[in-house]
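Note sheet for the following structure.
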Amino acid sequence: GAFAAPDLPASAVAALRAGMTRDVGVVRDAAGLSAQLGWIDAIEAVHGQALPLVAARLVTEAALARRESRGGHFRSDFPDTDPDAQHTRMVRTPLAAEEAA
């Protein structure tokens with residue numbers, strides 16, 4: 001069946017935006033990215049997998065996985081750019097609840 005994402009209250013959306021700007025913005029590091037993932041985990045535990053949280057998690061996980069600075073994003077803990085650009089794809093496996101729906 002179709003997966004119906006829960007709504008996210010406006011206060012949680014505002015907090016998500018602030019955290020993404022602070023920890024996943026143009027300048028980022030592993031500590032901030034990991035902190036944001038922890039926050040997303042905590043909010044998902046309360047509100048479920050609302051679509052803004054799913055999108056934020058994917059962006060944050062991808063940023064944490066990239067251990068270089070490239071383009072407009074700067075990893076303060078990995079300031080160098082790898083000489084060869086590598087395209088990567090992330091695939092998120094569905095949760096059991098999504099599979100059963």
Side-chain angles (χ1 to χ4, degrees):
F3 174 69
D7 288 333
L8 194 60
S11 61
V13 171
L16 175 63
R17 286 180 180 153
M20 292 296 287
T21 298
R22 181 188 62 243
D23 294 326
V24 193
V26 173
V27 178
R28 47 180 72 157
D29 62 21
L33 294 166
S34 296
Q36 184 63 17
L37 285 173
W39 185 87
I40 292 168
D41 289 341
I43 296 302
E44 280 183 345
V46 174
H47 298 291
Q49 284 197 317
L51 294 180
L53 295 174
V54 172
R57 176 179 298 284
L58 292 172
V59 169
T60 306
E61 287 176 348
L64 187 59
R66 182 173 291 281
R67 295 176 173 250
E68 66 165 336
S69 292
R70 183 168 297 276
H73 296 104
F74 182 76
R75 281 287 302 262
S76 59
D77 49 350
F78 292 98
D80 297 326
T81 299
D82 288 341
D84 298 317
Q86 295 181 16
H87 294 276
T88 56
R89 293 178 194 253
M90 293 181 66
V91 177
R92 185 141 198 241
T93 56
L95 296 175
E98 292 176 36
E99 293 172 349

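Excluded from the calculations below are hydrogen atoms, water molecules and symmetry mates; all remaining heavy atoms, backbone and side chain alike, are included.
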Shortest non-hydrogen contact from [X] to [Y]?
| X | Y | result |
| --- | --- | --- |
| P6 | G48 | CG-C, 3.9 Å |
| H47 | P9 | CE1-CG, 3.3 Å |
| H73 | G25 | CD2-O, 3.8 Å |

| field | Connected hydrophobic set around L33, excluding itself, where side chains approach under 4.5 Å | value | L8, V13, L16, M20, V24, L37, W39, I40, I43, L53, V59, L64
| request: For side chain to side chain contact (heavy atoms under 4.5 Å, CB included), just list the numbers for R57 and Q36, CA-CA rounded to whole Å, side-chain angles, deciding distance to a tenth of an Å, and then say yes or no. | output: CA-CA 9 Å; R57 176 179 298 284; Q36 184 63 17; over 6 Å; no
| Looking only at atom types and distance, does a side-chain atom of R75 sit under 3.5 Å from a main-chain N or O of A63, one as donor and one as acceptor? | yes
| said: To the closest 0.5 Å, what do you measure between CZ (R66) and CZ (R28)? | reply: 9.5 Å
| request: Could you pull out all residues at least two apart from D29 that satisfy side chain to side chain donor-acceptor pair (under 3.5 Å)? | output: none
